[in-house]
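To keep things clear, I will list the structure first and then write my remarks on it.
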Amino acid sequence: AQAPVGSLIGKIGGSTAGGAADGSAFIAGAFCVVKVGTDGGPLYLTINDEESGMINNSGKLFVDIRKRLV
């Protein structure tokens with residue numbers, strides 16, 4: 001809810017059907033560093049838009065994911 005419309009948002013864990021409470025949601029934007037807990041889980045990325053606005057969202061998204069051990 002805090003992310004601007006059109007921004008890239010992500011979620012770690014949970015499922016595709018669950019809301020923000022189902023997993024750990026965050027605003028990704030153009031660059032993002034996220035500390036992942038030991039539970040981990042799948043990474044979901046999408047555009048922040050209203051459900052009715054998703055019909056006109058098309059194109060490509062290239063994501064570079066790097067693992068850093070602390």
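Every residue two or more places apart in sequence or in another chain that forms a side chain to side chain contact (heavy atoms under 4.5 Å, CB included) with V5 is listed here: D49. Here L43 pairs with I12, F26, L45, I65 under the side chain to side chain contact (heavy atoms under 4.5 Å, CB included) rule; sequence neighbours left out. D64 meets the side-chain hydrogen bond (donor to acceptor under 3.5 Å, both in side chains) test with R66; sequence neighbours excluded. Residues passing the side chain to side chain contact (heavy atoms under 4.5 Å, CB included) test with I9, sequence neighbours excluded: A3, S7, T46, N48.
Considering only heavy atoms from C-beta on, I27 stays 4.5 Å or farther from L8 through its side chain.
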